[in-house]
Protein chains: 2
Amino acid sequence: MKDCTKPTGEKVEKRKRFLLDENEIPRHWYNIVADMPTKPQPMLHPGTKRPMTVEEMSPIFGEELSRQELNQKDTWIEIPHEVRELYKNYRSTPLVRAYALEKALGTPAHIYFKNESVSPVGSHKINSAIAQAYYAQKEGTTHLTTETGAGQWGAALSYAAKVFGIEAAVYQVKISYEQKPYRRSIMQTFGAQVTPSPSMSTRAGKDILTKTPNHQGSLGTAISEALELAQTTLNCKYSLGSVLNFVTLHQTVIGLEAEKQMQMAGEYPDIVIGCFGGGSNFGGSAYPFMRHTLRKGVKTRFIAAEPASCPKLTRGEFRYDFGDEAGYTPLLPMFTLGHKFVPSNIHAGGLRYHGAGVIISQLLKDQLVEAVDIPQIESFEAGQLFAHTEGIIPAPESNHAIAAAIREAKKCIKTGEKKVILFTLSGHGLIDMSAYDSFLSGDLQDHELSDNEIKKNLTD
Amino acid sequence: MKDCTKPTGEKVEKRKRFLLDENEIPRHWYNIVADMPTKPQPMLHPGTKRPMTVEEMSPIFGEELSRQELNQKDTWIEIPHEVRELYKNYRSTPLVRAYALEKALGTPAHIYFKNESVSPVGSHKINSAIAQAYYAQKEGTTHLTTETGAGQWGAALSYAAKVFGIEAAVYQVKISYEQKPYRRSIMQTFGAQVTPSPSMSTRAGKDILTKTPNHQGSLGTAISEALELAQTTLNCKYSLGSVLNFVTLHQTVIGLEAEKQMQMAGEYPDIVIGCFGGGSNFGGSAYPFMRHTLRKGVKTRFIAAEPASCPKLTRGEFRYDFGDEAGYTPLLPMFTLGHKFVPSNIHAGGLRYHGAGVIISQLLKDQLVEAVDIPQIESFEAGQLFAHTEGIIPAPESNHAIAAAIREAKKCIKTGEKKVILFTLSGHGLIDMSAYDSFLSGDLQDHELSDNEIKKNLTD
């Protein structure tokens with residue numbers, strides 16, 4: 001009887017997906033700060049204006065995460081056994097050669113994507129959520145608060161908190177809370193409490209609503225509220241889904257896996273692309289490759305793709321600014337549009353943040369990374385083409401990375417170069433379908449900012 | 001400098017996920033009919049009452065699928081190269097040992113699940129959609145029509161049709177169209193035309209609406225409409241997401257992979273479980289294992305988990321019946337609740353079908369499979385526990401398989417047996433969150449049927 005495993009071998013098969021054995025999942029995160037030629041400037045205490053210490057940060061984030069935040073020495077930070085065990089539920093994520101997208105574009109470029117959308121909650125956010133909840137539980141924390149934009153981070157933290165027996169309270173940006181009700185339901189299914197921000201449950205929220213009764217929220221307002229709740233609740237710490245160094249550190253599991261998988265594919269990227277909100281997905285994807293640039297001078301371009309309506313990297317200013325609307329956070333040396341900046345209601349809620357992380361800001365200053373800003377409609381056109389070719393409907397955030405990759409792939413058509421382009425598909429868009437509805441019906445708009453609008457928030 | 005790949009080897013690690021190399025993805029589907037001791041009774045032409053022939057079926061389904069439908073001879077059917085290339089976009093899907101679920105239950109059983117939710121459209125339906133669209137294109141078909149309940153099948157076929165350059169028209173059961181607007185958007189993003197059924201676009205739809213103006217639709221009404229559109233449109237064929245033999249055949253890629261993956265895990269299932277709507281997910285998961293039962297007498301239990309509100313296997317009658325509401329289809333020898341049966345509006349829209357496939361009906365008669373019916377609330381309790389432990393929010397359909405697996409795992413607590421339980425997670429529930437909202441708020445209801453209600457549709 002014929003066996004189903006017998007190869008037929010009629011046609012040559014091209015390898016499409018690359019996966020690692022479970023024992024090849026990284027055992028350490030990569031801390032790029034240790035390798036940076038120019039270290040980032042310090043975060044400053046908003047009162048004393050002196051560099052923040054681990055002791056000052058610990059009451060908010062816990063000890064280990066605070067140590068990770070300020071660690072400029074250790075290149076590799078060991079991933080705790082318990083965290084790695086949970087990573088094994090969904091990692092390694094596939095590295096995929098996007099043959100169909102290449103064909104549709106008619107490009108000689110080789111396009112690869114690292115598919116983080118296959119995680120249980122549908123995005124990369126889970127990589128740091130598991131780590132943060134693990135350290136919290138280890139240090140005796142019983143409650144965590146956090147902010148969420150599109151809801152991807154909130155969903156991930158709600159899951160991780162449940163796993164470690166921690167209560168989670170999530171402030172979700174109000175416009176996302178309304179646009180994406182399913183994300184609220186996901187958080188609630190994992191047992192979290194969800195409040196739209198700005199809300200009347202905090203002083204910061206009340207102040208914002210008093211001034212602007214119909215404020216639609218931003219990551220800045222939600223961070224203020226979550227921080228305030230953490231500081232006024234017993235045995236409670238605050239979690240953050242991006243921007244900070246330790247979040248990006250945890251996300252390096254993406255790039256470290258991708259590096260091994262690119263080896264399996266027999267290639268090395270000429271260009272690494274990630275969408276950009278606060279920097280953790282971009283940094284997590286790019287920094288492991290950048291270490292070869294820093295150490296051995298390997299020439300690779302690193303492109304952060306941000307929305308044209310929230311262009312802190314391309315049009316913001318490098319300076320000390322708060323990470324939140326109310327000014328509760330330390331002062332961060334970063335590219336910013338001003339901490340009172342309220343981005344347009346684009347569908348990529350995860351990218352609606354006024355500032356960039358400290359590491360990426362320094363790397364941008366040092367011209368080690370490039371930034372591009374993508375108009376909303378271009379991003380959805382890219383996402384639709386990706387869906388039609390690769391079959392996956394991408395998150396609106398990820399569409400920015402795809403659009404940037406397509407721009408580069410199109411350049412290769414003109415030059416004839418077979419560049420190797422790698423981007424991270426940070427999440428799927430199955431819970432963001434109202435955004436696609438709006439795109440398909442022609443209602444979607446671009447929200448370009450005038451120079452005056454940008455100046456306004458930076459001089460306020 | 002310390003390398004990130006260096007094993008730390010401090011704790012023993014248990015292997016959780018099992019994946020196959022790309023060249024190990026099955027090259028043939030398994031046709032259980034060839035191995036069945038009692039062949040299924042033939043489908044009958046509704047006019048002549050004589051067994052359907054390939055020639056009679058081809059105008060509706062195309063030639064190759066019609067041949068597959070009636071093939072009782074060949075045990076293995078080769079998977080076309082082009083189909084296998086598209087399988088490689090997401091296959092193999094992971095086989096996962098559910099350690100956390102086992103722990104939460106306190107069971108000595110070993111629970112494995114085959115995770116089809118990681119496919120691009122979030123469910124197993126894509127396995128047959130790709131095959132059906134491939135054969136359609138190969139035979140020159142330019143248009144495909146189909147029905148969809150929860151929308152998983154419709155999404156999968158819309159994607160597959162787009163890949164092969166075919167226009168797709170989908171009739172979505174009206175109640176699902178309203179409950180799950182995101183699934184409509186997904187189909188539209190892939191370029192399909194979507195109509196809620198019953199509609200005024202077909203004679204069948206008009207007849208149903210004339211009789212019952214507020215008819216909420218069922219798979220039976222949607223099939224009637226899709227069939228009618230196919231028969232009245234030039235160069236158009238009809239696709240089906242379950243019930244038929246060829247659909248189940250394509251889904252055997254699930255079980256064939258799982259078989260190899262269980263070998264990697266060093267175990268063989270004592271029990272194989274799938275949720276049950278028309279039978280393709282269940283059969284696709286179970287039949288490859290059942291071949292060892294049929295050929296070598298290996299003792300394995302096969303459990304089909306259906307909703308208590310639509311209990312054709314546990315409380316239906318075995319007899320010839322139509323596959324659709326209007327009576328357009330051939331007469332099928334099957335367990336049925338009557339083709340006019342309209343199931344309650346449970347959230348597991350994919351299981352709201354009055355009949356069971358021909359193969360499973362025969363196997364149930366021959367006591368080679370068992371069936372259980374699961375009340376809606378129990379199914380969601382199971383799904384929530386699964387989300388809390390394994391991190392994946394399951395589709396309402398899949399919750400039935402999980403509930404059945406939990407029942408068996410709980411029996412092992414009493415007996416102390418380390419039974420090996422395998423179930424298929426047919427899809428994720430991220431687009432079904434309104435169902436979870438209803439569950440969390442306590443609004444969810446069970447819809448048990450009285451004997452009289454069941455008799456009514458069988459004697460009409």
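A note on names: the letters A, B, ... follow the listed sequences, proteins ahead of strands, and every chain is numbered from 1.
Heavy-atom distances place both the backbone and the side chain of B/S434 under 4.5 Å from chain A. Only the side chain of B/L440 comes within contact range of chain A, with heavy atoms under 4.5 Å apart. Residue contact with chain B, scored on non-hydrogen atoms closer than 4.5 Å, involves the backbone and the side chain of A/H388 alike. Contact of B/T93 with chain A is not made at all, since no heavy-atom distance falls under 4.5 Å.
Looking at heavy atoms from C-beta onward, A/V194 lies in side-chain contact with A/Q188 at the 4.5 angstrom threshold.
A salt bridge links B/R291 with B/E259: the distance from a Lys NZ or Arg NE/NH1/NH2 to an Asp or Glu carboxylate oxygen falls below 4.0 Å.
For A/A382, the side chain to side chain contact (heavy atoms under 4.5 Å, CB included) criterion is met by A/I402, A/A403, A/I406, not counting sequence neighbours. For the ring-ring contact (aromatic ring centres under 6.0 Å, His included) test, no residue two or more places apart in sequence or in another chain qualifies with A/Y177. Shown here are the salt bridge (charged side-chain N to carboxylate O under 4.0 Å, His left out) partners of A/R91, two or more places apart in sequence or in another chain: A/E116, A/E257.
Both the sub-6.0 Å distance and the 45° axial angle are not jointly satisfied by A/R17 relative to the ring of B/Y90.
For B/Y30 and B/Y287, the gap between ring centers reaches or exceeds 6.0 Å.
Residues from residues 154-166 of chain A that place a non-hydrogen atom less than 4.5 Å from a non-hydrogen atom of chain B comprise A/Y159, A/K162, A/V163, given in numerical order.
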